Amino acid sequence: MIPTYNERSNLPVLVGRILDETAFSVLVVDDASPDGTGRIADELAAEHPARVTVLHRTGPKGLGRSYLEGMRRAIALGAERICQMDADLSHGPEYLPALVEAASRADVAVGSRYLTGVSVANWPLRRLLLSVAANRYVQLVTGLPVRDATSGFKCWRRTALERVLEQPIESDGYALQFEMLFHACRHRLRVVEVPIIFVERREGASKMSSKVIFEAMLRPITLMLSYRRPTRHAVEQREAARL
Ligand SMILES: Nc1nc2c(ncn2[C@@H]2O[C@H](COP(=O)(O)OP(=O)(O)OP(=O)(O)O)[C@@H](O)[C@H]2O)c(=O)[nH]1
Ligand SMILES: [Mg+2]
């Protein structure tokens, strides 16, 4: 599943590589990109109808909404393992088989930049420090035992994803990545990390914004506050037992 917003030069290259190098199918989730990415995705689907599907989103835009809608669609299409990856060629399709294989041994496999030192190519130091600091912060506040909790390159086992999608997920940017892992860990699902080399995009523009960073700083705190308190259901059960 590949969410796209203005990725017209990257998408055909990525989809071409996935079709050539793997046996997997592709679901493109486009948010009515003004640069015509959706049209390019339709052309790819017309060329490869058995392996490429396009979901054109019409409701409110956003990366988080796109992930959630795309994941539900992938499940409805019958996928047993669902990978999520960026369209900007940062996530190499050569890692897909290893991720899928790892997700067969666990519930979710994370393509990790920080498993063997730092494996990131072409990032400015400022960007790297932001990502490393964000990951440390998330680990510290939430206790998530994942080195690269903000990675958008993952493979989910269907049953695990269904479980996580039942949770009230609110984030929209990077925070969505660790929020979903947080729920996975809360439900004792098994998370494994697979080393990847992340390559900075060459074409197109990043959609990273101060809003996304702010959300990622706040979300670990609200997650901890929400889930340390007993849920309303648990309180109701306790009160019923007391009566
Ligand atoms: N459908 C949809 N896709 C989006 C949206 N924003 C970003 N994307 C896609 O999500 C993926 C990640 O976006 P990037 O801009 O590369 O963001 P990033 O990888 O977090 O940031 P960088 O590290 O700076 O590249 C890319 O495939 C984007 O095209 C959105 O609002 N809707
Ligand atoms: Mg990117």
Side-chain angles (χ1 to χ4, degrees), residues 1-18 26-42 44 52-74 82-93 95-96 110-114 118-135 138 148-154 169-181 196-217 219:
M1 194 209 86
I2 309 170
T4 54
Y5 192 75
N6 289 350
E7 302 284 3
R8 60 172 303 150
S9 45
N10 292 318
L11 188 69
V13 182
L14 176 62
V15 172
R17 284 195 54 198
I18 296 173
V26 178
L27 172 63
V28 179
V29 185
D30 187 64
D31 244 348
S33 298
D35 76 344
T37 302
R39 216 172 37 246
I40 291 168
D42 282 339
L44 290 165
V52 181
T53 307
V54 189
L55 170 56
H56 294 281
R57 296 199 62 251
T58 48
K61 296 185 187 207
L63 182 57
R65 289 187 180 96
S66 299
Y67 271 125
L68 300 179
E69 199 177 327
M71 285 163 167
R72 291 195 173 103
R73 175 65 64 89
I82 296 118
C83 296
Q84 52 171 100
M85 71 194 296
D86 291 355
D88 58 2
L89 300 168
S90 294
H91 299 151
Y95 298 113
L96 285 170
V110 179
S112 178
R113 296 162 284 192
Y114 307 121
V118 173
S119 50
V120 173
N122 302 339
W123 251 2
L125 186 62
R126 201 166 47 93
R127 186 71 186 74
L128 182 62
L129 289 177
L130 176 70
S131 174
V132 170
N135 269 290
V138 170
D148 194 350
T150 57
S151 170
F153 197 12
K154 296 196 192 88
I169 297 167
E170 287 167 25
S171 308
D172 205 33
Y174 284 107
L176 180 112
Q177 308 300 350
F178 63 74
E179 180 166 359
M180 291 184 75
L181 287 179
I196 61 148
I197 298 174
F198 177 98
V199 185
E200 172 60 333
R201 65 159 77 240
R202 294 223 187 99
E203 305 283 335
S206 168
K207 285 97 203 171
M208 172 88 125
S209 64
S210 45
K211 187 171 155 248
V212 166
I213 298 174
F214 183 69
E215 180 191 59
M217 286 178 71
R219 198 69 191 125

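Note that ligands are numbered from 1 as they come in the structure, with each ligand's atoms numbered from 1 the same way. These numbers were taken from a predicted model, which means no experiment stands behind them.
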Taking Val29's backbone N and O only, do any of them form a donor-acceptor pair with Ser66's side chain (distance below 3.5 Å, no angle check)?
no
Side chain of Asp88, backbone of Ser90: donor and acceptor closer than 3.5 Å?
yes
Record the part of Arg57 in heavy-atom contact with ligand 1 below 4.0 Å; permitted values are side chain, backbone, both and neither.
neither
Apply salt bridge (Lys or Arg N to Asp or Glu O under 4.0 Å) to the pair Asp148 and Arg113, showing each step before the final yes or no.
CA-CA 6 Å; Asp148 194 350; Arg113 296 162 284 192; 2.7 Å; yes
Quick one, Phe153 and Ser112 - any side-chain contact, counting heavy atoms below 4.5 Å?
no
Could you list the atoms of ligand 1 found under 4.0 angstrom from a heavy atom of Ala87?
26 (C), 27 (O)
Hey, is the Mg ion (ligand 2) within less than 2.8 Å of some N/O/S atom on Asp88?
yes
Ignoring hydrogens and geometry, is there a side-chain-to-backbone donor-acceptor pair from Asp31 to Gly62 under 3.5 Å?
yes
One pair to check against side chain to side chain donor-acceptor pair (under 3.5 Å): Tyr114 and Ser151. What are the steps and the verdict?
CA-CA 10 Å; Tyr114 307 121; Ser151 170; over 6 Å; no
Going by heavy atoms, is Ser90 under 4.0 Å from ligand 1?
no
Please check this pair: side chain of Tyr174 against backbone of Met208, looking for a donor-acceptor N/O pair closer than 3.5 Å.
no
Does Arg201 have a non-hydrogen atom less than 4.0 Å from ligand 1?
yes
Side chains of Glu179 and Glu215 in contact at under 4.5 Å (non-hydrogen atoms)
no
Compare Tyr5, Tyr67, Tyr174 and give the one whose heavy atom is closest to atom 18 (P) of ligand 1.
Tyr174
Judged on heavy-atom distance to atom 17 (O) of ligand 1, which of Lys207, His56, Met85, Arg127 sits nearest?
Lys207
Would you say Ile2 and ligand 1 have an N/O pair spaced under 3.5 Å apart?
no
Taking non-hydrogen atoms only, is Ser66 closer than 4.0 angstrom to ligand 1 via side chain, backbone, both or neither?
side chain
How far is atom 10 (O) of ligand 1 from its nearest protein heavy atom, and which residue and atom name does that atom have?
Leu63 CD1, 3.4 Å
Under 4.0 Å from ligand 1, counting heavy atoms only, is it the side chain of Val29, its backbone, both or neither?
backbone
Does any N/O atom on Asp31 come nearer than 3.5 Å to any N/O atom on ligand 1?
yes
For ligand 1, find out whether one of its N or O atoms is nearer than 3.5 Å to an N or O atom of Phe198.
no
